[in-house]
Every structure is written in structure tokens, then in C-alpha cells.
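Not measured: the values here are computed from a predicted model. Indexing begins at 1, ligand by ligand and atom by atom, following the structure's order.
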Amino acid sequence: MDKKLDKFAIAAALQEISALLELKGGVNRFKARAYQTGARAVVSIAGDIGRALSENRLTSVPGIGNALASQIRQLHLTGTSSVLDKLKAEFPPGIIELSRIQGLSTSKISKLHEALGISSVDDLKTAATTGKVRNVAGFGAKTEQSLLEAIADHDRDHKKQKRLHLHQAERIAEQVITYIRTSRDVEDISIAGALRRGAETVGTIRLVACAKNPAAVVKHLLRFPLIIRVDEQTDSSCEVELAEGAVVFLKAVKPNEFGLALFFETGSQTHVTKVQEIAGHKGLALDHDKLKLTINGKARAAKSRKPLQVRAETELYPLLGMQYIAPELREDEGEIEAAQKKKLPSELIQLDDIKGMIHCHTTYSDGKHSIADMARAAEAMGMQYLTITDHSPTAFYAGGLKLDRLQRQWEEIDEVQEEVKIKLLKGTESDILSDGSLDYPDKILEKFDVVIASIHSRYKMDAVKMTKCLITAMRQPVFKIWGHALGRLIQRRPPFACDVEAVLDVIAESRAAIEVNGDPYRLDMEPRWIREARKRKIKFVISVDAHSMGAMNNLKYGVAQARRGWLQRSEVLNALPVRSFQKAVRPS
Ligand SMILES: [Zn+2]
Ligand SMILES: [Zn+2]
């Protein structure tokens with residue numbers, strides 16, 4: 001066996017260094033963060049790490065400096081690192097795992113190691129249950145008891161999952177898939193679960209793979225170096241916890257079971273159960289364990305018990321007499337009934353439909369990149385137009401533009417326009433003020449190509465006042481797009497209180513549209529409100545709310561959220577070509 005480490009093993013070593021530096025504390029914490037970033041950067045390197053090293057490309061990867069590059073080189077060539085070896089020598093074995101137990105300092109862990117040879121949480125549990133810990137100097141019966149309680153808490157915490165935001169879950173899923181694909185056995189692999197449904201947050205990252213020998217794929221994943229804990233394991237599945245705290249579940253099946261496995265693992269649970277019931281009413285049995293669709297033995301018409309062929313997931317729904325239901329819709333929020341009546345939207349919006357990048361900030365307000373940078377990035381993504389919508393003066397904390405700066409920005413947009421093919425549209429993200437008026441006088445607002453109107457403060461205003469404020473804003477004569485509608489930040493700030501339906505009623509008869517915000521921390525508005533708005537024939541834009549070039553990747557999350565709200569292509573204004581879009585959103 002070659003001792004050269006691959007990028008995954010190198011990342012695992014860097015993560016170990018980071019954890020040990022964290023334990024040393026003090027200024028080492030900053031170094032710890034650098035190694036953590038480095039570990040992620042290494043996994044993201046395309047292709048073989050050996051080649052990247054021989055071509056001296058490592059330090060050009062963001063997050064990898066000279067010091068880190070030299071450790072990576074050492075790890076790759078020798079299988080070990082001088083920094084890691086030195087750190088390991090400073091601590092007893094098992095220190096990282098043991099330090100997670102409440103009340104165990106590093107010095108206490110050292111004492112336990114010297115006295116009883118404890119080097120894991122399991123060792124500690126055994127020693128404490130058999131009353132050995134109380135005899136170690138500095139411990140005693142009371143400490144022993146509280147350690148046992150702390151171990152129980154620790155086990156419970158492991159089961160309590162941390163929920164990931166979409167972009168985080170996606171990054172980790174991609175790393176794991178890249179690794180699984182290095183197995184010769186795997187034929188196909190797909191994301192499933194909440195991530196495939198584009199849900200707001202993801203608990204367990206679920207994956208489905210198929211192979212002639214599924215057990216080999218499971219075994220392969222279990223060798224993934226970033227795994228810190230295996231929670232569950234069979235011949236066809238496993239659930240593991242990764243160093244960053246994410247939980248990954250893999251189901252591995254035979255190729256002819258792939259479609260049904262994907263259906264079951266994608267969920268949601270209530271959707272799956274309801275579809276199983278429908279199969280039952282049709283005299284069929286949709287079996288989760290056997291991954292088969294069979295004619296129910298009790299049904300009279302049953303001539304044989306031979307399973308029906310379901311080669312792909314798309315074939316399942318028609319076999320049960322309904323339209324195919326896209327993953328983003330599978331929440332049991334009416335999609336099954338609609339699919340049975342063939343009333344699901346037939347042209348759900350897709351990423352490819354989007355022609356314009358909407359809601360982008362530049363260095364003129366709080367964005368990281370220049371107008372030219374943003375223009376080129378959007379052009380590289382195949383966009384026909386880009387709306388530049390920096391903040392208005394009231395958002396002074398975000399560098400909102402006063403009139404003189406706005407004038408300068410327009411001149412610069414004109415200059416950049418000379419150099420790029422993509423059409424640049426002059427816009428603003430205008431604050432909605434407390435009385436429902438918009439920032440900038442009407443005379444100025446009318447000169448923009450596009451106006452986004454957003455609430456950026458007063459989130460605690462009472463619901464009646466907020467509703468009134470929004471209604472006044474939506475009734476303003478200029479056409480405006482309601483930006484990040486309810487101001488929520490997922491897992492951080494709830495949507496503000498207001499009568500959403502009353503506001504939607506007003507939008508339906510005013511010059512306004514609504515934004516589906518693709519920022520994975522926002523994903524505003526929620527699917528149920530999108531569906532309420534659809535009933536009123538309100539139009540939407542899908543935006544990125546980008547404060548950097550990289551954030552243009554938010555587009556896919558916005559599209560997923562729009563699909564969760566059942567939006568069709570014809571309801572999305574930035575699926576229009578540039579001229580029609582301009583006409584549709586023209587403020588005056
Ligand atoms: Zn905003
Ligand atoms: Zn914004």
C-alpha cells in the first residue's frame with residue numbers, strides 16, 4: 001500500500017490539528033480556525049492532490065497559505081505531519097473525544113489516562129460504572145457520579161441533530177459524493193431527503209447509491225476519513241457523523257431498486273405514507289423494506305405476485321394514476337391531491353429558465369465586488385441581464401447611496417456597459433420607511449430601471465402598524481418588487497408580524513411583484529405564502545440578494561424555494577428576455 005495520503009485523509013489530519021490547537025486554547029484558537037478552513041479547501045481541490053502539489057498550485061487555493069501548504073505536502077508524501085505529531089505528543093490519546101464531556105479538563109483527562117489508561121469515552125464509562133474513577137486522586141464518588149451524568153448528556157446530544165442551512169448541507173453532500181464516486185463499485189448516486197426537497201434546513205444529509213454489490217459501497221463510505229462516529233450500519237445502509245458535526249445517511253441498493261429507494265429516501269414522511277395509501281387503494285403494495293411495488297395478494301384481480309417494474313422514480317407516480325411530483329413539492333401540502341386531478345403546475349420554474357440576475361449589491365453600498373466584477377460573473381453564468389440594486393440613503397449603516405454617489409454609480413454602470421455583453425439595469429433596494437413611503441423622491445425612483453422595496457428595520461413593529469405600512473408601500477405609484485418580504489433569518493429571526501393576506505390582496509391590484517429571495521439564510525417568502533400569492537395572480541422575481549460574486553450561486557436555492565411554492569415559468573418575471581422584463585418592472 002502506498003503511504004501517500006489522498007485529499008480526504010489530509011483533510012482529516014488538518015481537522016485533527018485544528019481540534020488539538022483549539023484544546024490548547026489562547027492564541028492557538030486563531031491557528032485552529034486556519035486549519036479548519038484549510039481542511040475544507042483541500043477537499044474542494046479538483047482532481048488529484050499529488051498533481052496540484054507537483055504543479056505548485058496549492059497556495060493559489062483560497063484558504064491555503066505557505067505554512068499550511070508545507071503541512072499538506074508533508075502529509076501527502078509521508079503520511080504524517082510534524083505539527084500533528086508534536087501536538088499529539090502533548091496530549092493523552094483520545095483527548096478530542098474526551099474533552100467533549102462536560103467537566104473534564106485536559107489535566108483531568110491526563111490524570112485518568114495515567115491512573116487507569118482511559119483513552120476513550122467508552123473506557124471512561126466502564127471505569128466510572130465499575131467505581132474505579134472515585135479512587136483516582138482528585139476525583140471521588142461525587143465527581144464519578146456527575147461524570148456518568150455528563151456522559152449520558154453527551155450521548156443524548158449526539159442524537160439531537162444540528163440543522164444545516166442549504167448551502168452548508170450541499171457543500172458537505174458534494175464532498176461525500178465525490179468520495180463515494182472513488183469506489184469502483186458505485187454505478188449511480190443521488191442526493192435525497194430534505195436537501196433534495198430544497199427544504200429550508202437539513203437535519204440528516206441523505207444519499208442513495210446503486211451498485212451490483214451495495215454492501216461494498218457502504219463499506220467504502222465507512223472508510224471516509226472525516227467520519228468521527230458511526231451511528232448505524234447494515235449491509236445496505238449506514239448513518240455516520242462527520243467531523244464538522246453533520247450527519248450523513250447512505251442507502252445503497254441494486255440498480256433496479258434505485259428509483260424506489262430514491263422515492264422512499266427523499267420523503268417527506270407524510271408524502272411517502274400518503275402515496276403508499278393510494279397504492280393500497282389501487283390494490284398495490286408499495287413496500288419500503290423490499291423496495292418493491294407488487295399487486296396486493298388480497299386483491300381479486302391478482303394473477304401473480306410478481307413485482308411491477310419501476311425502473312425510475314418518475315415512473316412510480318403515473319403507475320399510481322397521478323402526475324409526477326417533483327421533489328420540492330413532496331410535503332403533503334396538497335400536491336398529491338392536485339397530482340391525482342392532474343392539476344399540478346405543468347411548467348414548474350427551472351434554473352435554466354432564469355435569464356436575469358436580480359438584486360445585486362456592489363462596493364457602492366455593502367457589496368464586496370465592483371460593478372464590473374459583478375457584471376462579468378453574471379455574464380459567465382449565462383445571464384442576459386443584471387440588476388444592480390444598492391441600498392438607499394436611509395440604510396446608512398449599509399452604505400446607502402445619496403444622490404451624488406448614485407449619479408457616480410450610474411456613470412460607472414454606463415462605462416462598464418461598454419465593455420460587457422450582459423445588459424446592466426440600474427436599480428435600487430429602496431427602504432420602506434415607517435409611514436410606508438419609499439426612500440428617494442418619486443422623481444428619482446422613476447428614473448431607475450427597477451425598484452426593490454424592502455424593510456430593513458423596525459421588525460418589532462406591531463402587526464396592525466406593519467400591515468398598514470406595507471399596504472401603503474405597495475400602493476405607491478411606482479412599480480416595485482417586495483424584497484425579502486417578511487424579514488426572517490432562518491434559525492435566527494422569525495418573520496415579522498403582519499396580516500400577509502391583506503398585503504397580498506393589495507399587491508394583486510397594485511403595481512408590484514414579490515421577490516423569492518435565494519439567500520440560504522432568508523429564503524423569503526415561505527412556500528405557503530407563495531401559493532397564496534399565486535391564487536391572486538401576483539408575479540414574482542427570483543433573486544440572489546448577492547453581496548459578492550460567489551453569492552450569485554444563491555440562484556439555485558431561490559429556484560428551489562420558488563418550486564416549493566409551485567411557481568411556474570410564466571409567473572416569474574426574470575424568466576423573461578431583457579426587453580419584456582424591463583417593460584414589466586419599469587417604475588413609471
Ligand atoms: Zn435587503
Ligand atoms: Zn439586498
Restricting to N/O/S atoms, is His456 within less than 2.8 Å of the Zn ion (ligand 1) or not? yes

I'd like to know: is the Zn ion (ligand 1) within the 2.8 Å range of an N/O/S atom from His484, strictly under that distance? yes

Donor-acceptor under 3.5 Å (Thr178 side chain, Glu174 main chain): yes

Glu429 N/O/S atom closer than 2.8 Å to the Zn ion (ligand 1): yes

Check the angle between the aromatic planes of Phe448 and Trp410 and answer parallel, tilted or perpendicular using the 30° and 60° thresholds. perpendicular

His391 backbone or side-chain N/O/S under 2.8 Å from the Zn ion (ligand 2): no

side-chain contact (heavy atoms from CB on, under 4.5 Å) assessment of Trp482 paired with Leu470: CA-CA 9 Å; Trp482 186 15; Leu470 284 165; 3.6 Å; yes

Hey, would you say the His456 and His391 ring centroids sit under 6.0 Å apart? yes

With the Zn ion (ligand 2) at the centre, find the angle made by NE2 from His359 and OD1 from Asp545, to 10°. 80°

Plane angle bin for Tyr521 and His167 - parallel if under 30°, tilted between 30 and 60°, otherwise perpendicular: perpendicular

